[in-house]
Amino acid sequence: MEKVQADVCVVGAGFAGLAAARRLVQAGHEVVVLEARDRVGGRVWNRELPDGTVVSAGGTWLGKGQDRMFQLCRELGLAVYPQYEQGDHLLRLDGVNHRYRGAIPATGPRTLAALGLAFARLHLMARRLPADAPWRARSARAWDSRTLGQWLSDPLNVPSAAARTLLRSTMNLLFCADPAEVSLLGALTLARGGGGFGYYTDSRRTESHLVDGGAPELARRMAEQLGDRVHLSSPVQRIAHDGTGVRIASASLAVRAQRVIVATPPVLAGRISFDPPLSTACSHLLQRVVPGAIIRVHTVYPRPFWRAQGLSGQTLAPRSPVPLTIDQTPQSGEPGVLSSYAFSTGALRMERLDPTERKEIWLAALAERFGAQARRPSQYLETDWSSQPWSLGGMIGHFPTGTLTNYGSALREPVGRIHWASTESATLMHGLMEGAVRSGERAAQEVLTALSSGRRHATAALHDRSA
């Protein structure tokens, strides 16, 4: 087994880990990055279709307020371009397609009023949370004992059946999980970091731009700067830590370092063996922040034919097995690429089907919104994130009831020489690529402060001995 020495070891080469490593290297420290996958990027992934078309199959879009991601694109020479938003969006309800423009479907004044009221109430609740410690809010215990689904199902909160259907569907896709699984406090924590649910549910704000070459290309260039510090296919199995340092073991590499940053999804961090064991709060937290289920399909056509129909490509169909679509056509305008999704229990049902049957149902759902042409893609690519062993589910882990109030204090708290980073631990842009980058940079700063403090103490001790 190869043995390596470094100042800091970073576990995970997604955006959180790469951002942390980059900051530490810029500060002059020796860094080793261990990545379980055979690629960098984590929950972002460029996949190539047989015809050579490359599609981003994980985190894809940038949006307003995601300053660090836009800055990284500029620093690494990647252009961004606006998401195609011309034409009408579609809402499919009760077998009927409704065209609309803007952020909220035109489903009648009563439904619109109920949606507006619900979002306003959620926004006011989210604003009452301390961004870095939502479990300390006055109502934290009450909100953490209730699910988001329970809140949405209460007619006093959402006084319209149609609005409740739309909101449940929206939250389902946001968390890749049934709202009945998500703590109300956990949901409000996500909203707090983005300025309210209105940010996360308005594609004009969260999905305003794409990266030319895909967001995974940004991760690749970040890793390229790190050079041979990045070791792929090196899943970490054990981390031993004491007062003198940390020892990180994978199947092929043993790293000795002063500090370690674990920058993986929490559910994967919980599978690492720690010696001595983590605190009870930390261990239980890692077991509870679980990802939901998501299947993403890319269908490719010679041209984005929906644009000629006056459609943007963005659709929502709450009762469909494929509830969401969005245009992912490259900047050149060809080929036409439609990205579509199944989430949560819907994704689980689709996953159980024979692949041929699943494809038939999927394309039939697209045809209901876009016509018969949607049934005849030149390329069809499925990405089931739950089947990926180093992801185990959707783009974000959610907090079930009781998690934050009982274990939330361990979310970012270092354990000795072990530090934590992931989009789930971000205080701003929680759940997005931006949040992952910010969490990595925050963890790197923690390490820099600790290393600096350690040097000062060592210097003072040496001075005392000399005296």
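Other residues, nucleotides and ligands contribute more than 12 heavy atoms inside 6.0 Å of the CD atom of Gln150.
Residues Asn172 and Pro323 have side chains not in contact (no heavy-atom distance under 4.5 Å, counting atoms from C-beta outward). The shortest distance between side-chain heavy atoms of Pro414 and Glu446 falls below 4.5 Å. Within the 4.5 Å cutoff, side-chain heavy atoms of Met171 are placed close to those of Leu152. Counting heavy atoms from C-beta outward, Thr383 and Trp45 have side chains that approach closer than 4.5 Å. For the pair Pro155/Arg164, a side-chain contact is recorded, criterion being any heavy-atom separation below 4.5 Å from C-beta on. With a 4.5 Å cut-off on side-chain heavy atoms, Leu188 and Leu122 count as touching. Residues Val211 and Phe70 fail the side-chain proximity criterion, which asks for heavy atoms closer than 4.5 Å. Between Arg47 and Leu381 there is a side-chain heavy-atom pair separated by less than 4.5 Å.
Glu382 places no side-chain N or O within 3.5 Å of a backbone atom of Ile295 that could act as its donor or acceptor partner. Without hydrogens or angle criteria, Gln314 side chain to Ile326 main chain gives no donor-acceptor distance under 3.5 Å. A donor-acceptor contact shorter than 3.5 Å is absent between the side chain of Arg438 and the backbone of Thr423. With Arg442 contributing its side chain and Trp420 its backbone, the two residues share a donor-acceptor pair below 3.5 Å. In this structure, the side chain of Ser320 does not engage the main chain of Ala317 through any donor-acceptor pair within 3.5 Å. Arg121 places a side-chain N or O within donor-acceptor distance of the main-chain N or O of Asn157, the cut-off being under 3.5 Å. A donor-acceptor distance shorter than 3.5 angstrom exists from the side chain of Glu434 to the backbone of Arg68, with no hydrogens or angles considered. Between the Asn46 side chain and the Gly213 main chain, a donor and an acceptor come within less than 3.5 Å of each other. No donor-acceptor pair under 3.5 Å is formed between the side chain of Ser344 and the backbone N or O of Gly346. Put simply, the side chain of Ser56 gets close to the backbone of Gly59: a donor and an acceptor are under 3.5 Å apart.
Here CG of Leu184 is found 7.5 Å from CH2 of Trp143. Values are rounded to the nearest 0.5 Å. Taking OG from Ser234 and CG from Asp38, the interatomic distance works out to 11.0 Å, rounded to the nearest 0.5 Å. Atoms CG and OG, on Leu316 and Ser169 in that order, are 4.5 Å from each other to the nearest 0.5 Å. Here the straight-line distance linking atom CG of Leu90 with atom CD of Glu368 works out to 11.5 Å at 0.5 Å rounding. Annotation: the span from Ser160 atom OG to Leu166 atom CG amounts to 8.0 Å, rounded to 0.5 Å. Here CZ of Phe399 is found 9.0 Å from OG of Ser183. Values are rounded to the nearest 0.5 Å.
The residues Asp132 and Arg412 are annotated as not salt-bridged, no charged nitrogen and carboxylate oxygen being separated by less than 4.0 angstrom. A salt bridge links Glu441 with Arg23; the closest basic N to acidic carboxylate O contact falls under 4.0 Å. Between Arg168 and Asp178 no salt bridge is recorded (no basic side-chain N to carboxylate O distance below 4.0 Å).
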Trp306 vs Thr329, side-chain contact (heavy atoms from CB on, under 4.5 Å): CA-CA, chis, key distance, verdict = CA-CA 11 Å; Trp306 51 91; Thr329 300; 3.8 Å; yes

Hey, mind stepping through Thr189 and Leu129 against side-chain contact (heavy atoms from CB on, under 4.5 Å) and telling me if it holds?
-> CA-CA 7 Å; Thr189 298; Leu129 301 181; 4.1 Å; yes

Verdict with supporting geometry, Thr325 and Thr315, side-chain hydrogen bond (donor to acceptor under 3.5 Å, both in side chains) | CA-CA 5 Å; Thr325 72; Thr315 72; 2.6 Å; yes

Evaluate side-chain contact (heavy atoms from CB on, under 4.5 Å) for Arg22 paired with Leu72, printing each intermediate quantity in order.
-> CA-CA 11 Å; Arg22 191 170 183 265; Leu72 284 169; 3.3 Å; yes

Derivation and outcome, side-chain hydrogen bond (donor to acceptor under 3.5 Å, both in side chains), residues Tyr341 and Ser339 | CA-CA 7 Å; Tyr341 306 80; Ser339 183; 3.0 Å; yes

Take Leu62 and Ser208, measure what side-chain contact (heavy atoms from CB on, under 4.5 Å) needs, and give me the verdict at the end.
-> CA-CA 6 Å; Leu62 305 185; Ser208 64; 5.7 Å; no

Please step through salt bridge (Lys or Arg N to Asp or Glu O under 4.0 Å) for the pair Asp384 and Arg296, ending with a clear verdict.
-> CA-CA 6 Å; Asp384 182 354; Arg296 183 172 180 177; over 6 Å; no

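Residue Ser312 forms a side chain to side chain donor-acceptor pair (under 3.5 Å) with just one option from Glu85, Gln86, His89, and that option is His89. The salt bridge (Lys or Arg N to Asp or Glu O under 4.0 Å) test with Asp88 is passed by exactly one of Arg101, Arg369, Arg307: Arg101. Screening Gln83, His209, Gln66 for a side chain to side chain donor-acceptor pair (under 3.5 Å) with Trp61, the sole residue that qualifies is Gln83.
Screening residues 135-153 for salt bridge (Lys or Arg N to Asp or Glu O under 4.0 Å) gives Arg146-Asp154 as the qualifying pairs, with residues at least two apart or on separate chains.
A donor and an acceptor atom, one from each side chain of Thr401 and Ser145, are nowhere located under 3.5 Å apart. A side-chain donor from one of His298 and Gln328 sits under 3.5 Å from a side-chain acceptor of the other. In this model, a donor atom of one side chain and an acceptor atom of the other lie less than 3.5 Å apart for Glu75 and Gln71. Between the side chains of Glu413 and Ser409, no donor-acceptor pair is found at a separation under 3.5 Å. Looking only at atom types and distance, the side chain of His284 has a donor-acceptor partner in the side chain of Arg288 under 3.5 Å away.
The nearest pair of heavy atoms linking Pro318 to Thr165 is CB-CG2, 3.8 Å. In this structure, Thr111 and Ala163 approach most closely via the heavy-atom pair CG2-N, 3.8 Å. Scanning both residues, Ala180 and Thr147, for their nearest heavy atoms gives O-CG2, 3.2 Å. When all heavy atoms of Ala421 and Ala443 are compared, the pair lying nearest together is CB-CB, 4.0 Å. Pro134 and Leu185 make their closest contact through O-CD1, 3.9 Å (heavy atoms, listed as atom of the first residue, atom of the second, distance). The shortest non-hydrogen separation linking Ala342 to Pro321 is CB-O, 3.4 Å.
The aromatic ring centroids of His398 and Phe175 lie 6.0 Å or more from each other.
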Donor-acceptor contacts, no H, no angles, side chain residues 260-280, under 3.5 Å, sequence neighbours left out:
{"residue": "Thr264", "atom": "OG1", "partner": "Ala269", "partner atom": "N", "Å": "3.3"}
{"residue": "Asp275", "atom": "OD2", "partner": "Arg238", "partner atom": "NH2", "Å": "2.7"}
{"residue": "Ser279", "atom": "OG", "partner": "Cys282", "partner atom": "N", "Å": "3.2"}

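Listed by chain and residue number, nothing satisfies the ring-ring contact (aromatic ring centres under 6.0 Å, His included) test with Trp390 (two or more places apart in sequence, or in another chain).
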